[in-house]
Asker: 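Can you read through this structure? Questions will come right after.
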Amino acid sequence: MFATNITKEEINQLRLDKYNGVIELIDDITKVKQAFKEINKFDYSGFDTESKPVFVKGQFNDISLVQIATADKAYLFRIHLTGITDEMIAYFKNDKHLKIGVGLRDDIIGLQKISPFKAGGFVELNEIVNKINIEANGLRKLTAIILGFRISKNAQVSNWEAPELSKKQEIYAATDAWVCYEMYQRLLALNIK
């Protein structure tokens with residue numbers, strides 16, 4: 001059904017794709033409540049976070065951006081500006097709304113350092129694909145194996161706390177959450193959960 005692994009060379013031969021839908025940038029606390037009203041209409045969403053990169057060993061930055069993708073929109077929450085709101089905490093704790101991602105453990109720990117909560121409903125794609133003998137892990141490899149295209153990681157080490165995010169950053173961030181949503185949808189269609 002799916003390859004168990006994929007090389008960098010094989011990934012580079014695949015077509016490049018990215019999120020092309022609606023992106024809602026949320027950098028103002030007044031927009032958060034409406035965004036979660038929309039997100040919570042769905043049973044699951046793609047999930048990821050970004051932090052401003054650190055180039056000194058032993059230092060770290062808090063999470064700057066939370067990305068959530070649904071069937072019709074990608075939301076980019078600039079939490080270094082909005083803070084983590086009650087609506088976000090409710091979403092992070094909600095067992096009934098699944099948050100699909102790759103490498104979620106670090107995302108959850110990073111968010112809990114900012115505002116403690118009991119995580120609920122987070123679904124690690126690496127754990128699902130292990131059940132069907134996919135050995136590869138990481139967003140880029142899993143996207144290539146499950147969805148059949150490659151994604152760019154060029155904006156990964158950009159400044160997520162810049163006064164304004166570039167269009168390239170917005171698309172990169174939206175793509176990371178969107179491919180998690182799309183992979184889960186594909187696996188569900190094949191009755192793999």
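The analysis underlying the following values was restricted to heavy atoms, covering all of them including side chains, and did not include hydrogens, waters or symmetry mates.
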Asker: Under a 3.5 Å distance rule, please check whether Asp72 uses its side chain to pair with a backbone N or O of Thr70 as donor and acceptor.
Answerer: no
Asker: Grouping I, L, V, M, F, W and Y whenever their side-chain heavy atoms are under 4.5 Å apart, do Leu104 and Phe77 come out in a common cluster?
Answerer: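 Yes, Leu104 and Phe77 fall within the same hydrophobic cluster.
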Asker: Membership question, hydrophobic clusters at under 4.5 Å side-chain separation (ILVMFWY): are Trp178 and Tyr44 in the same one?
Answerer: yes
Asker: Taking all heavy atoms of Ile39 and all of His97, pick out the closest pair and write down the distance.
Answerer: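 In this case the closest contact between Ile39 and His97 is O-CE1, 3.3 Å.
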Asker: Between Tyr91 and Ser45, is any side-chain donor less than 3.5 angstrom from a side-chain acceptor?
Answerer: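 A pair is found: one side chain offers a donor N or O, the other an acceptor, under 3.5 Å apart.
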Asker: Within the distance-only criterion (no hydrogens, no angle test), does the side chain of Glu182 pair as donor or acceptor with the backbone N or O of Gly46 below 3.5 angstrom?
Answerer: no
Asker: Closest heavy-atom contact between Met88 and Gly83?
Answerer: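 Minimum heavy-atom separation between Met88 and Gly83: CE-O, 3.6 Å.
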Asker: If you define the side chain from C-beta out and look only at heavy atoms, does anything of Asn137 sit under 4.5 Å from Val102?
Answerer: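 The answer is no; the side chains never approach within 4.5 Å.
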Asker: Checking Gln34 against Glu38: is there a side-chain donor and acceptor pair closer than 3.5 Å?
Answerer: yes
Asker: Testing Val32, Asp28, Ile26 one by one against Thr30 for a side-chain contact (heavy atoms from CB on, under 4.5 Å), which residue passes?
Answerer: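 Considering Val32, Asp28, Ile26, a side-chain contact (heavy atoms from CB on, under 4.5 Å) with Thr30 is found only for Asp28.
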Asker: Please tell me whether Met1 and Leu187 are part of a single hydrophobic cluster in this structure, the criterion being side-chain heavy atoms less than 4.5 Å apart.
Answerer: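 Same cluster: Met1 reaches Leu187 through Ile, Leu, Val, Met, Phe, Trp or Tyr contacts under 4.5 Å.
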Asker: Taking all atoms of both residues into account, what is the closest heavy-atom pair of Lys37 and Lys41, and its distance?
Answerer: O-CG, 3.4 Å
Asker: With a 4.5 Å heavy-atom cut-off, do Leu142 and Asn126 have their side chains touching?
Answerer: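 Side-chain contact under 4.5 Å: yes.
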Asker: If you round to the nearest 0.5 Å, how far is CD1 of Ile151 from OG1 of Thr175?
Answerer: 7.0 Å
Asker: Side-chain contact, heavy-atom cut-off 4.5 Å: Tyr19 with Asp17?
Answerer: no
Asker: Using 30° and 60° as the class boundaries, would you call the ring planes of Phe122 and Phe92 parallel, tilted or perpendicular?
Answerer: tilted
Asker: Does Asp62 CG have over 12 foreign heavy atoms under 6.0 Å away?
Answerer: yes
Asker: Counting only N and O atoms by type, is there a donor-acceptor contact under 3.5 Å from the side chain of His80 to the main-chain atoms of Leu65?
Answerer: no
Asker: Roughly how far, to the nearest 0.5 Å, is the CG atom of Asp176 from the OG1 atom of Thr143?
Answerer: 8.0 Å
Asker: So, do Ile134 and Ile146 sit near enough that their side-chain heavy atoms are less than 4.5 Å apart?
Answerer: yes
Asker: When you compare the side chain of Phe60 with that of Lys113, does any pair of heavy atoms fall below 4.5 Å?
Answerer: yes
Asker: Between the side chains of Ser51 and Asn61, does any donor sit under 3.5 Å from an acceptor?
Answerer: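 No, because no side-chain N or O of Ser51 sits under 3.5 Å from a partner of the opposite role on Asn61.
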Asker: Has the side chain of Arg140 got a donor or acceptor atom that lies under 3.5 Å from a matching backbone atom of Arg150?
Answerer: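 No; zero donor-acceptor contacts below 3.5 Å.
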Asker: Could you pull out the closest heavy-atom pair between Lys141 and Asn5, with the gap in Å?
Answerer: NZ-OD1, 3.6 Å
Asker: Indicate yes or no: at least one non-hydrogen side-chain atom of Asn191 is less than 4.5 angstrom from one of Lys193.
Answerer: yes
Asker: What distance do Leu81 atom CG and Glu161 atom CD have between them, rounded to the nearest 0.5 Å?
Answerer: 8.0 Å
Asker: Of all the heavy-atom pairs spanning Leu76 and Ala174, show the shortest one and how long it is.
Answerer: CD2-N, 3.9 Å
Asker: Look only at the side chain of Lys99 and the backbone of Ile68, and say whether a donor-acceptor pair between them is shorter than 3.5 Å.
Answerer: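 Side chain of Lys99 to backbone of Ile68: no pair is present.
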Asker: Between Leu111 and Trp160, is there shared hydrophobic-cluster membership here, with clusters defined by ILVMFWY side-chain heavy atoms closer than 4.5 Å?
Answerer: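 They do not share one cluster, since no chain of ILVMFWY contacts under 4.5 Å joins Leu111 to Trp160.
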Asker: Measuring only between side-chain heavy atoms, which start at C-beta, is Met183 closer than 4.5 Å to Val129?
Answerer: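 No - every pair of side-chain heavy atoms lies 4.5 Å or more apart.
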Asker: If you compare all heavy atoms of Glu124 against all heavy atoms of Arg105, which two are closest, and at what distance to 0.1 Å?
Answerer: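 What the structure gives for the nearest pair is OE1-N, 4.4 Å.
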Asker: Drop me the distance from Ser115's OG to Ile89's CD1, to the nearest 0.5 angstrom.
Answerer: 3.5 Å
Asker: Is Ile100 linked to Phe36 within one hydrophobic cluster, defined over Ile, Leu, Val, Met, Phe, Trp and Tyr using a side-chain heavy-atom separation of less than 4.5 Å?
Answerer: no
Asker: Do Phe47 and Val66 touch side chain to side chain, with heavy atoms closer than 4.5 Å?
Answerer: yes
